[in-house]
Amino acid sequence: MTTITTSLQLVEDEIDKHYLTNPLVGLPFAKSAWTLLSIVEDNSMFPYIKGYIETSYESEALISGLKFYLKNSLFWLFSSTAPGGKAVQAHNEADYGNAQNLIS
């Protein structure tokens, strides 16, 4: 079992409070998760479209970053949003921006 110091727990609590201000928390999980996946997909395609990625090493670094974003952000949304809902597959600029803020 891992224990953390009181000061580290205070920092973790502040981070959690910050994430709770993200409007995606007010959406059902399915919609918030779909929005998050959309922004991560767009962010992952951008380097390919612009020609910034040329080697497999660069691809591996990008994939590693995507896993980090998804693991932490999806867990946070799953534990903070209402379960269920529909994955509304329509672009909503405000939600899209909130998802970008979540991974920034």
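Counting from 1, the numbers follow the sequence of the chain as shown.
Note on F78: it clusters hydrophobically with F68, by side-chain heavy-atom contacts below 4.5 Å among ILVMFWY residues.
For K71, the side-chain contact (heavy atoms from CB on, under 4.5 Å) criterion is met by no residue, not counting sequence neighbours. Remark: N101 engages no residue in a side-chain hydrogen bond (donor to acceptor under 3.5 Å, both in side chains) (not counting sequence neighbours). Remark: Q100 engages N43, S104 in a side-chain hydrogen bond (donor to acceptor under 3.5 Å, both in side chains) (not counting sequence neighbours). Scanning for ring pair (Phe, Tyr, Trp, His ring centres under 6.0 Å) contacts around Y96 gives H91, with sequence neighbours left out. Listed by chain and residue number, nothing satisfies the side-chain hydrogen bond (donor to acceptor under 3.5 Å, both in side chains) test with S64 (two or more places apart in sequence, or in another chain). Listed by chain and number, the residues in a salt bridge (Lys or Arg N to Asp or Glu O under 4.0 Å) with E93 amount to none (sequence neighbours excluded).
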Give the table of side-chain donor-acceptor pairs shorter than 3.5 Å for residues 25-34, with sequence neighbours excluded, one pair per line with atom names and distance.
residue: K31; atom: NZ; partner: D95; partner atom: OD2; Å: 3.4
residue: S32; atom: OG; partner: P28; partner atom: O; Å: 3.4
residue: S32; atom: OG; partner: F29; partner atom: O; Å: 3.0

For residues 15-22, tabulate all N or O donor-acceptor pairs below 3.5 Å that involve a side-chain atom, not counting sequence neighbours.
residue: T21; atom: OG1; partner: H18; partner atom: O; Å: 2.5
residue: N22; atom: OD1; partner: L24; partner atom: N; Å: 2.9
residue: N22; atom: ND2; partner: N98; partner atom: O; Å: 2.9

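With rounding to the nearest 0.5 angstrom, the CG atom of L37 is 6.0 Å from the CG atom of L70. Separating the CG atom in D13 from the CG atom in L8 is a distance of 9.5 Å, to the nearest 0.5 Å.
Two residues are said to be in side-chain contact when any heavy atoms from C-beta on lie closer than 4.5 Å; L102 and L77 meet this criterion.
Checking side-chain atoms of S79 against main-chain N and O of W76 turns up a donor-acceptor pair under 3.5 Å.
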